[in-house]
2 protein chains.
Amino acid sequence: MILSDRRKRITIKDVAQAAGVSTQTVSRVMNKFSYVSGETRQRVEEVVAQLGYHPSTLARSLSQQRSYTLGIVTFDLKYIGPSRTLNGIADKADELGYMLLMKELDNFDTNKIDDVIDSLLARQVDGILWAVPEIGDNHAWVEERMEKIPVPVLFIAMQPRSGISSVATDNFQGGVMAVQHLLDCGRKKIGHISGPLGWWEADERKRGWLETLNAAGLEALDQHCVEGNWSSIRGEQAFIQLLESYPGLDAVFVANDQMALSVLREAFRRGINVPEQLAVVGFDNIPESAYFYPSLTTISQDLPLIGGQAVQNMVEMIQARQGDQPAIAQSIFIQPTLVVRESSKRV
Amino acid sequence: MILSDRRKRITIKDVAQAAGVSTQTVSRVMNKFSYVSGETRQRVEEVVAQLGYHPSTLARSLSQQRSYTLGIVTFDLKYIGPSRTLNGIADKADELGYMLLMKELDNFDTNKIDDVIDSLLARQVDGILWAVPEIGDNHAWVEERMEKIPVPVLFIAMQPRSGISSVATDNFQGGVMAVQHLLDCGRKKIGHISGPLGWWEADERKRGWLETLNAAGLEALDQHCVEGNWSSIRGEQAFIQLLESYPGLDAVFVANDQMALSVLREAFRRGINVPEQLAVVGFDNIPESAYFYPSLTTISQDLPLIGGQAVQNMVEMIQARQGDQPAIAQSIFIQPTLVVRESSKRV
DNA sequence: TGATATTATGTTATCGATAACATGTTAGCG
DNA sequence: CGCTAACATGTTATCGATAACATAATATCA
């Protein structure tokens, strides 16, 4: 292996010179197709191997106006949800030959949003995946800003909006499934510990709870629901509060597994038997939930699948735009599934 | 806001023309320093704002041979550990003005490693952060390949090697702290459920267990340790096995919190009282561990800090190289801390 | 007052590739 | 045998910026 000064990058020119051909010919060899004689091809390939030449994707991106890179904007990776989504995104991107340029967002200052988008565009990403939870009106910029962005944008876990692509779990349906399951188990007094209200996903899960109870002719009063914030610690407080505000409670639908864990623990401490006296259903199906005591019935959402689906759609949009076809925006809902475990046995 | 065809990028030339100056002058305005008259600067800035010009970082990277982008290679983001590290990396990178080009590795095929590195280099990253756990000899390539890589490389959670930069938790010390704590609680028969042996981190934690017992004059026999694989399910099996192979067991040091969760559950099922009959100490301090029943004593490792530290060092290495100073490789050990909770009360 | 430094700006080359166009050779066919 | 199509390769322009160098106008100083 011949290696000159390792600081010096080996360029297409070096290869061209060493092989005694033009750079264009080297480019043709590297990119397969188009006419190159077998003899020339072989000679160039030998030189490429010998010099250890690797083309600069950067230069190629500039000249082709295409980077094979996706911008991905996430929020708070310290939680398991976003990173499982990212996992799916990374796998699928790899499969389809894209790299990921990542940016983590930690607040919703509008300037910050513009900066993030601009910094991605400045690096010539072919598309942007926005994987930031929808909270309050923090997606309000979308409608207005959208058409000024020269590449396709796809939103993950955003409330469907017409004309804008998105992929999300059907949280409402998840809530319905959870509560319907509890009803099927013969429960009548079903409380709810919600996520932080204003988060679209939390609101949807709560709506599933509420509408399913109503449909069954049961009452869902304000005091039957306590607001949490996804964390175990708030889950504990919320549960304690719920026990007071909903006497006779015989089941709880908890908006995520982490809070459900606290419910199980606090119930145990107080001698409330789960599931006999209290059935519990969570949401997310984190791997540990099968090992809670008792094991947790939960609504499973396939976050890696959502991430993968998002990338798939994005790449299709990019290709459509490449071919100057109209990219059709679509909102995709992925259905969650119910996983029944010990915490909700039929009585 | 004047917007022409949104597909057409506004370049430095457009600005130069509109402002009646050369591109070089625009470049000078955009990059502050260097001489520009106040009048010209203002005129250019107005045009920039009016046209909504954003420089192409891509083009800049090519011409400066510097991208302000770090390549980051991770492994299996679906686990919480890697993503917490990534969280710290992302925050610090943002703070220091770098973006992240991410690649997820899912196996250790040597070709794959070369491909990953080459694909990052092709995109002109200024440095590479290798955040893949060290398993068996999957880092064997390091010594040989290292000097051919033209940018600094830093390894996370790798066994220190001279001449190579790395940042890692002191897993051995963590093991020592866990076992010492159990000894301090008056335990004598301390078993261990390890991570998958061959993983450096698992081996270190086990070594901490073993050496601490030996130092205390206690025996640590083969049958006092069962190998797990970090997962809750294996944790359960390992614990059951350990109960058989180590009669009289009065404490367990479990190599991660997820497996410890299973231990707590299985102990409860069998009527083994924690901590009275059995003290349990985990490792990681995942947020949920405070809400296990009973709450889990554990060794806390600050993964975001490690990620941040890694970025910090990396940027220093990049700057040193920029200034043609010799970048000094250093291996940093971060000390974990003991968090005492209910699962290990003194008897 | 002329020499030198400072300020302000423009011109040309360069980063590493590909696109578009040009040209030359060979092969096939009527 | 001459014309066209297919093949093979080279030349020049371009992507969007910055580096290096050049030039001109002031300002400063001995």
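First the proteins, then the strands, lettered A, B, ... as listed; each starts at 1. Just so it is clear, the model here is predicted, and its values are computed rather than measured. Hydrogens, waters and symmetry mates play no part in the numbers below; they use all other heavy atoms, side chains included.
The separation between B:Asp118 atom CG and C:dG16 atom C1' is 16 Å, rounded to whole Å. Distance CZ (A:Arg66) to C1' (C:dA17): 16 Å, rounded to an integer number of Å. Between A:Leu62 atom CG and D:dA17 atom P the separation is 9 Å, expressed in whole Å. Across the protein-nucleic acid pair, A:Arg123 atom CZ and D:dA17 atom P stand 14 Å apart, rounded to whole Å. Note: CZ (B:Arg60) to C1' (D:dT18) measures 9 Å, nearest angstrom. As a whole-Å value, the separation of B:Ile10 CD1 from D:dA17 C1' is 16 Å. Between the NZ atom of B:Lys13 and the C1' atom of D:dC15 there is a distance of 8 Å, given to the nearest Å. Rounded to a whole Å, the OH atom of B:Tyr35 is 12 Å from the P atom of C:dA5.
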(request) Please report the C-alpha distance between A:Glu95 and A:Asp91 in whole Å, then the side-chain angles of each, then the deciding distance to 0.1 Å, and finally whether the side chain to side chain contact (heavy atoms under 4.5 Å, CB included) criterion is met. (result) CA-CA 6 Å; A:Glu95 182 189 324; A:Asp91 284 350; over 6 Å; no

(request) Tell me, with the steps shown, if B:Leu121 and A:His54 meet side chain to side chain contact (heavy atoms under 4.5 Å, CB included). (result) CA-CA 9 Å; B:Leu121 292 179; A:His54 294 281; over 6 Å; no

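In this structure, B:Thr40 reaches the sugar-phosphate backbone alone: every heavy-atom distance under 4.0 Å involves primed, P, OP1 or OP2 atoms, never a base. Nucleic acid contact for A:Ser61: none, since no nucleic acid atom lies under 4.0 Å from a heavy atom of the residue.
Not one side-chain nitrogen or oxygen of A:Thr11 sits closer than 4.0 Å to the OP1 or OP2 atom of C:dC15.
The CD1 atom of B:Ile89 sits 13.0 Å away from atom CZ of B:Arg84, with the distance rounded to the nearest 0.5 Å. The CD1 atom of B:Ile334 sits 8.0 Å away from atom CG of B:Asp302, with the distance rounded to the nearest 0.5 Å.
The residues B:Lys103 and B:Asp118 are annotated as not salt-bridged, no charged nitrogen and carboxylate oxygen being separated by less than 4.0 angstrom.
Using a 4.5 Å heavy-atom cutoff, the side chains of B:Ile318 and B:Arg66 are in contact. The closest side-chain heavy-atom distance from A:Met102 to A:Leu77 is below 4.5 Å.
Listed by residue number, A:Ser22, A:Gln24, A:Thr25, A:Arg28 are the residues of residues 22-29 of chain A with a heavy-atom contact under 4.0 Å to DNA chain D.
Ranked by how close their nearest DNA chain C nucleotide is to the 5' end, A:Gln64 and A:Leu58 are led by A:Leu58.
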